[in-house]
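Inspection log for the structure reproduced underneath, given as structure tokens.
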Amino acid sequence: MDTFYITTPLYYVNARPHLGHTYTTLVADCLSRYKRMQGYDVCFLTGTDEHGQNIERAAAAQGVAPEVLADRNAGAYRKLWSRFGVEYDRFIRTTSKSHYAAASEVFQRAFDNGFIYKGEYSGWYCIPCNLFAPEADAAPDCDVCQRPTERVTEESYFFKLSVFQKQLLDLYEKHPEFINPISRRNEVVRFVSDGLRDLSVSRTSVKWGIPVPVADNHVIYVWFDALVGYLSGIGFGNSREQDQFRKYWPAQVQLVGKDIIRFHTVYWPAFLLAAGLPLPERVHAHGWWLKDEAKMSKSRGNVINPHLLLNHFGSDAVRYFLLREIPFGADGNFSYQAMIQRTNSDLANDLGNLVSRTLALISRNFENTVPPPAADPSSLENELKHHVLTTIEAYQGHMDRLAFSRALETVWDLLSRTNKYINVCAPWTMAGDEAQQPRLATILHTCAEVVRIVTVLLAPVLPVSCAKVWKQLGQREALNLQRLNRLQWSRELAGNRLGEVTPVFPRLDGKALLETLFGSGSGRRRKPADSRKKKAPPVPPDEAGKAAATTAAAAPADGSTIAIGDFAKIDLRVGQVVEADKVEGADRLLRLTVDLGRETRQILAGIAQAYAAESLVGRKIIVVANLQPRKLRGLESNGMLLAASVGAEDRPVLATFLEEVPNGARLK
RNA sequence: GGCGGGGUAGCUCAGUGGUUAGAGCGAAGGUCUCAUAAUCCUUAGGUCGGGGGUUCGAGUCCCCCCCCCGCUACCA
């Protein structure tokens, strides 16, 4: 039997699982169920990556030992996967004994083969924080504690990544399918073509890790350690499990998020080559789920809690949504509205209702038993049957390419055709008419057969619900024992006594659900789902923006940082004041007409006490150009000026330029 | 700045140089009554980012520009 080894990344245990982890894992689960139903001997591995400085530090921050944090969060992953019905075969923890042995062995092999050498790593180091700062000409202050850094030189083992450039480029060339999707492949090819630097693969500054076999005052670099988990998880380095490793390695599919593509398509194959081990067949990178078009992050407070999703929608609906909503590989925008939408229109209306009406008609007309087709099929049946057969084929074509959304679309096209078929045939008009009984039997058998086939096809995506439908169809043999390569139009349902028929996908009351999720009334999309727990007084958007831009005090007090992408959302432009006058009846407001290059705007600014209106005309200023408009004293303000806030009375001092800049130039 | 990918209906996206640019969802109207206020039918809605060009004919090919995303650059 052909084997199929599929992996998710080993998730880092410095935090609890979020929607991104859930997505990868559910995709892997779906694909491994699908491959099992194609008859493959599947091994599905997931697990946790538990070493490194970040864990060390996160644990210290919580006042616990790293082991405790790792146990706690590894447990959180397992619990979530169990709630989602994820059927993994192996769960590898990088703190397990067998993994230690495996990581040491791979390191040792690479060392013995001459690809690891001892060198020195030198950089700006913060001694109290145990942290290297980014490379710079002069000593930078530490990012964390703001104290000055010092130049230190640390002994380190280096991996000769540079010598693998050609082999890697050959790999990408000969196996274009190694990196998916193609856009990622192009990026990686380019990155490698530009040249590779040797990689530091050991640390002396970190204690929480696996000792380097040739020098136990070093620990193995956390990525080297974690990647080996794909090997140790199926028995590499464990003498009793050698046959398992030989059976499953190399992996057929390794799923990763797009943020870790380089580790998996550059470093990982290089490590394997250095250790003399075969390379995985394909690495597939997927995108991120965004919320309100922005990356989810704790600091932004827009994180989707997978448990909450599960509670409100159930695992099948979540699985369906994640696989159906976006093409696999692309980023997607998550919204509860879309989630409700999909659940109701696809699962409840199209699929669930088709099952209900079919089974109800059979139950009513044929004493709860699926009739055999009694009349010769008409062109309607033949056409539908034809679509069923092409769907079975097209579905697998898409699934094999990991095009889950396409695969599901083909099934829904079939569902739609079947609903039409029932409407056209109108079997309910035949009830009680003896002469029409054979025709009625044929119609209902046809519908039931479509339902059967669709149920088999969708079982990997909707395992819980499909198992219910399977039972309702009166099928005895387990659903997951069905084989897709043997799936064809048949009469096997004829004579089946139906199980108890209950709606499998109940319609959601969208309005009520949103109210439960967000609290009644106001909050719609903006608020995070769990906002009720930590309710903050609402702040009008522009006031919040103003506070952030004009007073240092409003910067995050906890020293947290934002990503560059957050900053990029603010459209700062050079503007020139062309007119300025005081606003009637307001003692602080000036009304400015500002030339932003391509447009001229009215902006109101509370700076009248510091600047005379006429003194501003002609002056270059910095404008936040994409701020929501706001009416002040009845006049609309389209933007905000940047100014320092000085002294106890917060006197504004306008930001400006010493050199000539064109109006409308973007600041970044 | 360099390289790559994009910009098509309210939303998500299809669209080999060839009728009148499509689908799903959403919206509006209608139909049916087996079914989960479901199904089914109809309709509305688009200067295909902008401007030039090639062509009998351009969403599609070429040039210029704008915007978005990704990767990258001692960029942040």
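All of these numbers come straight from a predicted model, not from anything done at the bench.
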Hits for salt bridge (Lys or Arg N to Asp or Glu O under 4.0 Å) against A/Asp346, two or more places apart or cross-chain, chain-then-number order -> A/Arg324, A/Arg342

Sequence neighbours excluded, the answer for salt bridge (Lys or Arg N to Asp or Glu O under 4.0 Å) partners of A/Lys166 is A/Asp170

Sequence neighbours excluded, the answer for salt bridge (Lys or Arg N to Asp or Glu O under 4.0 Å) partners of A/Arg319 is A/Asp29

Show me the donor-acceptor pairs within less than 3.5 Å that the side chains of residues 454-471 of chain A make with the rest of the protein, sequence neighbours left out.
from: A/Thr455; atom 1: OG1; to: A/Val451; atom 2: O; distance (Å): 2.6
from: A/Ser465; atom 1: OG; to: A/Asp316; atom 2: OD2; distance (Å): 2.4
from: A/Trp470; atom 1: NE1; to: A/Glu477; atom 2: O; distance (Å): 2.7

Per-nucleotide protein contact along nucleotides 35-40 of chain B, 5' to 3', at a 4.0 Å heavy-atom cut-off (B base, S sugar-phosphate only, - neither), is BB-SBS

Contacts of A/Thr502 meeting side-chain contact (heavy atoms from CB on, under 4.5 Å) (sequence neighbours excluded), chain-then-number -> A/Gln472, A/Glu500

side-chain hydrogen bond (donor to acceptor under 3.5 Å, both in side chains) filter on A/His264, not counting sequence neighbours, yields A/Tyr230

Across all chains, not counting sequence neighbours, the side-chain contact (heavy atoms from CB on, under 4.5 Å) partners of A/Ala441 are A/Phe366, A/Pro371, A/Ala374

Under a 4.0 Å heavy-atom cutoff, the residues of residues 390-397 of chain A touching RNA chain B are none

At a cut-off of 3.5 Å, list every protein nitrogen or oxygen paired with a nitrogen or oxygen from nucleotides 5-7 of chain B, distance to 0.1 Å.
none

In short, ring pair (Phe, Tyr, Trp, His ring centres under 6.0 Å) pairs touching residues 377-410 of chain A with sequence neighbours left out are A/Phe328-A/Phe404

Sorted by chain and residue number, the salt bridge (Lys or Arg N to Asp or Glu O under 4.0 Å) partners of A/Arg601 (sequence neighbours excluded) come out as A/Glu599

